[in-house]
Asks: 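Here you go, one structure.
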There are 2 protein chains.
Amino acid sequence: MAGERKIIRVTSFDVAEAAGVSQSTVSRALAGDTSISEPTRQRVMEAARRLNYQVDENAARLRRGRTGTLAVVMICREAQDRKDINPFYFSLLGSTCAAASAKGYETLVSFQDAPENFWGHFQERRKADGMIVIGTTTNTKAWDYFRDMPEGTHWTCWGSPDNDMPWVRSDNLSGATLATRHLLVRGYRQIVCIGSATSPQRQFQERYEGYAEAMRSAGLEPVLQQVESGLAREEQGRRAAIALAESGTPFDAIFAVCDDMALGALKELTARGYSIPDKVGIIGFDGIRAGAWSTPPLTSIEPDFQMAGTLLVEQLLAKINGTEGSGRRVPVRLVIRGSTRA
Amino acid sequence: MAGERKIIRVTSFDVAEAAGVSQSTVSRALAGDTSISEPTRQRVMEAARRLNYQVDENAARLRRGRTGTLAVVMICREAQDRKDINPFYFSLLGSTCAAASAKGYETLVSFQDAPENFWGHFQERRKADGMIVIGTTTNTKAWDYFRDMPEGTHWTCWGSPDNDMPWVRSDNLSGATLATRHLLVRGYRQIVCIGSATSPQRQFQERYEGYAEAMRSAGLEPVLQQVESGLAREEQGRRAAIALAESGTPFDAIFAVCDDMALGALKELTARGYSIPDKVGIIGFDGIRAGAWSTPPLTSIEPDFQMAGTLLVEQLLAKINGTEGSGRRVPVRLVIRGSTRA
DNA sequence: TTGTACGCGTTATCAA
DNA sequence: TTGATAACGCGTACAA
């Protein structure tokens, strides 16, 4: 440890010489090969430590043919400021990296937003053993690009618009049911869903369906307040709230298919004098951080983020190793805050 | 394009054979070497495209000695849920990756939180040409680890407690001055700073100093409401607000050294019946997303995130290439929302 | 302008 | 249990 603190190129040959063994013995000793005797291994380890030796990963990978790396592609909206990326995706990124790390893999992260920088040939270049694509459903060009990856590409994704890609998703059906039942239990009856049944967002569709199903099995008629497309989510929520208020449709609760929409609606309704949660209850979906700061704080359905990363990684490793994955639905839970009455 | 869509291992020799040239010609043609004649280059490119050839990065790097990769280490608080990471850091991560990409570098991202997984020997292992460390100041063990990297390690960082590391930071002094002047201009006089002058958070110190300076040059006495250490930021802010309210110290405005503290204080004061922004004005620092959702929305000082990533990368590349960097202070701007009166 | 030949630092195979 | 030796696939002097 003392002395040799500078970065100098030191190879396994140097270690071999210092330990008085052959280079291949060094390789085996450090790789934990059981055929190496304990005394020899000790000598090698000691020499390696003294020389501050570290394996050159490029050489190792060249030889092995595997990289021990998973590529993570974050799809953003085109021309979107990184600051405006839904923090939900960042949490997912974090938990994905953590899950990969737990499985002994590193993560090569790239942010991609436009056709000129779409790129997914990590396996061909031997930069990674597989790829996880995380992104907003709205960047359809990106999904078109990744849908067409060559056969043999190992990958999983979060946010894909279609079921023909190797998706992992929240348990949207259960979540929406959970949300709707929560509103019913709290005494709300005229529950409107803010969202879209025809959105390319598969997730939103599923959430609407879960809501509709729960309504019907309570003997109530589902009502959908459609959002306008092409706007920011908060704005969609705000406008939907305006439309709803001005339509004359009676309502005493709102289930929004995502938290950003819920927050937009909450703000608008508050401004219009609806008292929340007494007159109108609101529940969202996603469990974003900003929900804790609204007035009142937003009740929401929160996916298990950590599980999301874990499932993405496990699904991917299953493909790489040709084994079976463990599931693609991420469990959700109800987080009760102040926007639904006690 | 047709046919060869499956991932098969194809080397430069295969391309060479297909194009009727030597392997080295392929290498040169694809690398853009000017000595190759245009017709030959065309033939090679065509063959490469047809075979779906991609360079094996491991072999290329082994040969070259450089990786074209920058490592990004995200330091988290120990045992912290990834979901609770300040979104500010994620924005920084995103802009850092983007900036690296703009300079032709890839990013190898890892999340590290505890001594058993601290690791920064990317250069020794030839996994990256340098390293960017981003993290909360509070994980002192992590900073102790990275402070001691071997000589020759190329790195820059955001969030370091000390000046002896290669830091990049917000222009805290200007920001705090900007915030304080804004409060003064809006007619507030009894301005209290919530924060700490002795915190290991260098950033917080600088912000307090900027505030104090601005107060003095307005002929006013700075007042510091010290936060308790070891708590979550919002809770620190909340408790500081309680202490302030109960101390009897007269105040009509608060400058909090970070948005989370500001939000905690805002919530507490609102609960106690202080009307914001009329009776008390509040301004924070960081420009976090949740600030837009509080009631009233939080006025804040927002660093230029994109610039932050750019400076981190530029400083690092300067070290790698032995050139001069372009600066280490990230400019900030005032974002006026509803928590300060018009 | 192009081809030949070598080496980057490992891991894996085969003998001993 | 260990050592010699052969790849892995590319980039690059040097020669032609």
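Just so we're on the same page: letters track the sequence lines, and every chain starts at 1.
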Asks: Walk me through whether B:T153 and B:F146 qualify under side-chain contact (heavy atoms from CB on, under 4.5 Å).
Replies: CA-CA 10 Å; B:T153 304; B:F146 285 104; over 6 Å; no
Asks: Side-chain N or O of B:T11 less than 4.0 angstrom from OP1 or OP2 on D:dG9?
Replies: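 No, B:T11 has no side-chain N/O under 4.0 Å of OP1/OP2 on D:dG9.
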Asks: Using atom CZ of B:R9 as one end and atom C1' of D:dA7 as the other, report the distance to the nearest whole Å.
Replies: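 These atoms are roughly 15 Å apart.
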Asks: Among B:R63, B:R61, B:R126, whose salt bridge (charged side-chain N to carboxylate O under 4.0 Å, His left out) with A:D56 holds?
Replies: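 Among B:R63, B:R61, B:R126, the one meeting salt bridge (charged side-chain N to carboxylate O under 4.0 Å, His left out) with A:D56 is B:R126.
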Asks: Indicate the atoms forming the closest heavy-atom contact of A:A18 with A:R50, along with that distance.
Replies: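 Answer, listing the atom of A:A18 first, then A:R50: CB-NH2, 3.8 Å.
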Asks: Below 4.0 angstrom, which residues in residues 25-35 of chain B have at least one non-hydrogen atom near DNA chain D?
Replies: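 Of all residues in residues 25-35 of chain B, the ones placing a heavy atom under 4.0 Å from DNA chain D are B:S27, B:R28.
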Asks: Do you know which two heavy atoms are closest between A:A100 and A:V313, and how far apart they sit?
Replies: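 Scanning both residues, the minimum pair turns out to be N-CG2, 3.7 Å.
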Asks: Between B:I36 and B:Q23, which residue's closest nucleotide on DNA chain C lies nearer the 5′ terminus?
Replies: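 First, find each residue's nearest nucleotide; the 5'-ward one identifies B:I36.
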Asks: Side chains of A:S24 and A:S27: is there a donor and an acceptor less than 3.5 Å apart?
Replies: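 The criterion, which ignores hydrogens and geometry beyond distance, is not satisfied for A:S27 and A:S24.
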Asks: Here's one to test your reading of the geometry: is the NZ or CZ of A:R328 within 45 degrees of the ring axis of A:W167 and under 6.0 Å from its centre?
Replies: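 Judged by the rule, A:R328 and A:W167 form a cation-pi pair.
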Asks: Measure from CG on A:L62 to C1' on D:dC8 and round the result to the nearest Å.
Replies: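 From A:L62 CG to D:dC8 C1': 4 Å.
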Asks: Quickly work out the B:D14 CG to D:dC8 P distance and round it to whole Å.
Replies: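 It works out to 12 Å between those atoms.
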Asks: What are the two closest non-hydrogen atoms of A:P166 and A:W155, and how far apart are they?
Replies: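 Looks like CG-O, 3.0 Å.
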Asks: Can A:R147 be said to sit on top of A:W143's aromatic six-ring, NZ or CZ under 6.0 Å from centre and within 45° of the ring axis?
Replies: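 No, cation not above the ring by the 6.0 Å, 45° rule.
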Asks: Nearest whole angstrom, please: distance from the C1' of D:dC10 to the CZ of A:R125.
Replies: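 These atoms are roughly 13 Å apart.
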Asks: Take the protein atom CD of A:E38 and the nucleotide atom P of D:dT2, then report the distance between them rounded to whole Å.
Replies: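 Distance check: A:E38 CD to D:dT2 P gives 10 Å.
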Asks: Looking at A:E124, A:K127, A:R125, which one forms a side-chain hydrogen bond (donor to acceptor under 3.5 Å, both in side chains) with B:Q54?
Replies: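 Option passing the side-chain hydrogen bond (donor to acceptor under 3.5 Å, both in side chains) with B:Q54: A:R125.
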Asks: Any side-chain to backbone donor/acceptor pair from A:Y145 onto A:G120? Under 3.5 Å, distance only.
Replies: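 Between the backbone of A:G120 and the side chain of A:Y145 there is a qualifying donor-acceptor contact (under 3.5 Å).
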Asks: Measuring from the side chain of B:S24 (C-beta onward, heavy atoms only), which nucleotide among D:dT12, D:dT1, D:dG9 has the closest atom?
Replies: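 When the side chain of B:S24 is considered, D:dT12 is the closest of D:dT12, D:dT1, D:dG9.
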Asks: Go nucleotide by nucleotide along DNA chain D from the 5' end; which of A:F13 and A:R41 gets its closest nucleotide reached first?
Replies: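 It is A:R41, whose closest nucleotide lies nearer the 5' terminus.
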Asks: To the nearest 10 degrees, how far apart in direction are the end axes of the helix from C:dT1-D:dA16 to C:dA16-D:dT1, each fit to five base pairs?
Replies: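 Its terminal axes enclose an angle near 30°.
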Asks: Quick check for you: name the first and last nucleotides of DNA chain C, 5' to 3', having an atom under 4.0 Å from a heavy atom of chain B.
Replies: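 Listed 5' to 3', the contact boundaries are C:dT1 to C:dG9.
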Asks: Does B:R41 pair with B:E38 as a salt bridge, N-O distance under 4.0 Å?
Replies: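 A salt bridge links B:R41 with B:E38.
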Asks: Using a heavy-atom cut-off of under 4.0 Å over every strand shown, decide if B:S22 touches base, sugar-phosphate, or nothing.
Replies: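 Base, at least one base heavy atom under 4.0 Å.
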